[in-house]
S.K.: 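Would you mind keeping the following structure in view while I ask a few things?
Fair warning: this is a prediction, and the values are worked out from it, not measured in the lab.
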Amino acid sequence: MFAVYPAIFYKFKNNDGYMVYFKDLEEGATEGKNLEDSYFMASDYIASWIYDDYVNNKKIPTSSNLSDLNINDCQYIFEDEVDLSNSFITLVGVDMDEYIKKNSKKSVKKTVTIPSYLNELGISKGINFSKLLTYALEKELELV
């Protein structure tokens, strides 16, 4: 699933960084040291915000229309800290399947039941059952 949310990038006056504000995610924010880092942090913020809902098949927050945002929407911005003339509104997205794949590397133990003849043949051929199951699941979920 690819999630997209509108964001306001507020340019800091005193450095190259931006504060990124998400009205749709309970008016949350993140920041980065420059524009590239700010986009990365914004994408990561979305993913970490909706992660639990996504993996538990719950409804994720609805995304507003880009045109519904105004550069003055964030109540936490002080004009002496940001340069509104170099601030902007844009869309930020994240591929949740890729995010989970990159950030969830821990293994979990699963007990599976297979026919005994497959177990015996697999052992005789030196098959790594965990590796095979991981590959089969990744293929089934279209991750490889």
Side-chain angles (χ1 to χ4, degrees), residues 1-115 118-119 121-123 125-144:
M1 178 192 84
F2 198 81
V4 178
Y5 288 90
I8 304 174
F9 281 66
Y10 290 102
K11 175 72 178 83
F12 289 124
K13 284 184 177 178
N14 61 350
N15 59 46
D16 292 334
Y18 289 81
M19 194 270 296
V20 186
Y21 169 76
F22 292 96
K23 186 176 185 177
D24 296 330
L25 302 176
E26 293 187 7
E27 299 192 27
T30 188
E31 65 181 68
K33 60 187 174 197
N34 55 41
L35 186 57
E36 182 180 346
D37 186 49
S38 298
Y39 268 104
F40 173 81
M41 295 299 291
S43 181
D44 188 68
Y45 183 85
I46 293 170
S48 62
W49 184 265
I50 66 174
Y51 176 84
D52 284 334
D53 290 340
Y54 178 67
V55 296
N56 292 309
N57 290 321
K58 294 181 180 175
K59 186 177 184 328
I60 62 170
T62 304
S63 177
S64 297
N65 290 323
L66 191 63
S67 60
D68 292 340
L69 262 67
N70 182 296
I71 203 79
N72 297 310
D73 277 348
C74 183
Q75 61 186 348
Y76 309 110
I77 292 302
F78 301 103
E79 289 192 32
D80 59 330
E81 296 177 358
V82 297
D83 177 3
L84 290 177
S85 66
N86 285 314
S87 299
F88 59 95
I89 301 170
T90 190
L91 294 172
V92 178
V94 62
D95 183 331
M96 287 303 297
D97 296 328
E98 281 299 312
Y99 178 83
I100 292 167
K101 188 175 175 182
K102 287 179 183 175
N103 293 289
S104 297
K105 296 293 184 187
K106 80 173 187 178
S107 294
V108 294
K109 184 174 174 75
K110 300 300 272 182
T111 302
V112 297
T113 303
I114 60 173
L118 288 178
N119 183 56
L121 287 171
I123 290 170
K125 298 289 185 185
I127 292 176
N128 180 328
F129 288 95
S130 294
K131 185 177 179 180
L132 180 62
L133 179 58
T134 299
Y135 176 76
L137 284 168
E138 287 175 340
K139 188 172 180 179
E140 180 69 24
L141 296 168
E142 299 176 356
L143 298 175
V144 290

S.K.: Under the 3.5 angstrom rule, does the side chain of N70 hit a backbone N or O of N72 as a donor-acceptor pair?
M.R.: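 Present.
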
S.K.: Closest heavy-atom contact between I8 and L69?
M.R.: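 Looking at all heavy atoms of both residues, the closest pair is CG1-CD2, 3.5 Å.
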
S.K.: What's the separation between atom OH in Y51 and atom CD1 in I100, rounded to the nearest 0.5 Å?
M.R.: 5.5 Å

S.K.: Can you list the residues that meet the ring pair (Phe, Tyr, Trp, His ring centres under 6.0 Å) rule with F12, with sequence neighbours excluded?
M.R.: none

S.K.: Counting C-beta onward and ignoring hydrogens, is there a side-chain heavy-atom pair between L25 and Y5 closer than 4.5 Å?
M.R.: yes

S.K.: Which atom pair, heavy atoms only, marks the closest approach of A42 to F9?
M.R.: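 In this case the closest contact between A42 and F9 is CB-CZ, 4.3 Å.
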
S.K.: Rounded to the nearest 0.5 Å, how far apart are OG1 of T134 and NZ of K110?
M.R.: 12.0 Å

S.K.: Looking only at non-hydrogen atoms, find the nearest pair between A7 and F22 and report the distance.
M.R.: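 Smallest heavy-atom distance, with atoms named: CB-CE2, 3.6 Å.
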
S.K.: Count the heavy atoms belonging to other residues, nucleotides or ligands that lie under 6.0 Å from NZ of K13, then report whether that count exceeds 12.
M.R.: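 Enclosed: over 12 neighbouring heavy atoms sit under 6.0 Å from NZ of K13.
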
S.K.: Under the side chain to side chain contact (heavy atoms under 4.5 Å, CB included) rule, collect the residues that match up with A47, sequence neighbours excluded.
M.R.: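 For A47, the residues satisfying side chain to side chain contact (heavy atoms under 4.5 Å, CB included) (neighbours in sequence not counted) are V94, M96, Y99.
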
S.K.: Which residues satisfy the ring pair (Phe, Tyr, Trp, His ring centres under 6.0 Å) test with Y18, sequence neighbours excluded?
M.R.: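 Testing Y18 for ring pair (Phe, Tyr, Trp, His ring centres under 6.0 Å), a comparison that skips the adjacent residues, returns F88.
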
S.K.: How long is the straight-line distance from CG of D80 back to CG of N14, given to the nearest 0.5 Å?
M.R.: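 Reported value, rounded in 0.5 Å steps: 10.0 Å.
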
S.K.: Strictly by salt bridge (Lys or Arg N to Asp or Glu O under 4.0 Å), give each pair with a member in residues 125-144 just once, sequence neighbours left out.
M.R.: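 Passing the test, one end in residues 125-144: no pairs.
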
S.K.: Excluding sequence neighbours, so at least two apart, what forms side chain to side chain contact (heavy atoms under 4.5 Å, CB included) with L91?
M.R.: V4, P6, L66

S.K.: Do the side chain of N15 and the main chain of G17 share a donor and acceptor less than 3.5 angstrom apart?
M.R.: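 It does hold such a pair.
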
S.K.: Which residues pass the side chain to side chain contact (heavy atoms under 4.5 Å, CB included) test with E81, sequence neighbours left out?
M.R.: F78

S.K.: Can you find a pair of side-chain heavy atoms, one from I114 and one from F129, that are under 4.5 Å apart?
M.R.: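 They are in side-chain contact.
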
S.K.: Can you tell me how far CG of N119 sits from OG1 of T113, rounded to the nearest 0.5 angstrom?
M.R.: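 The distance works out to 11.0 Å.
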
S.K.: Please give me the minimum heavy-atom distance between C74 and Y21, naming the atom from each residue.
M.R.: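 Looks like SG-CD1, 3.5 Å.
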
S.K.: Could you tell me which residues satisfy side chain to side chain donor-acceptor pair (under 3.5 Å) with N34, sequence neighbours excluded, listed by chain and number?
M.R.: none

S.K.: Would you check, one step at a time, whether the test side-chain contact (heavy atoms from CB on, under 4.5 Å) holds for Y10 with L84?
M.R.: CA-CA 7 Å; Y10 290 102; L84 290 177; 3.8 Å; yes

S.K.: Using side chain to side chain contact (heavy atoms under 4.5 Å, CB included) as the criterion, list what pairs up with L137, not counting sequence neighbours.
M.R.: L133

S.K.: Checking Y54 now: which residues fulfil side chain to side chain donor-acceptor pair (under 3.5 Å) with it, not counting sequence neighbours?
M.R.: D97

S.K.: Mind checking side chain to side chain donor-acceptor pair (under 3.5 Å) for S85 and listing every partner two or more places apart, or none if nothing turns up?
M.R.: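 Once residues adjacent in sequence are excluded, the partners of S85 under the side chain to side chain donor-acceptor pair (under 3.5 Å) criterion are D83.
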
S.K.: What salt bridge (Lys or Arg N to Asp or Glu O under 4.0 Å) pairs are there with at least one residue in residues 15-28, not counting sequence neighbours?
M.R.: K23-D73

S.K.: For residues I46 and G93, report the shortest heavy-atom separation together with the two atoms involved.
M.R.: CD1-N, 4.5 Å

S.K.: Excluding sequence neighbours, so at least two apart, what forms side chain to side chain donor-acceptor pair (under 3.5 Å) with K59?
M.R.: T62

S.K.: For a quick test of reading the model, state the closest non-hydrogen atom pair linking S87 to K11 and the distance between them.
M.R.: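 Between these two residues, the closest heavy atoms are OG-N, 3.0 Å.
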
S.K.: Is a side-chain donor or acceptor of D44 paired with a backbone partner of F40 at a separation under 3.5 angstrom?
M.R.: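 It does not hold such a pair.
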
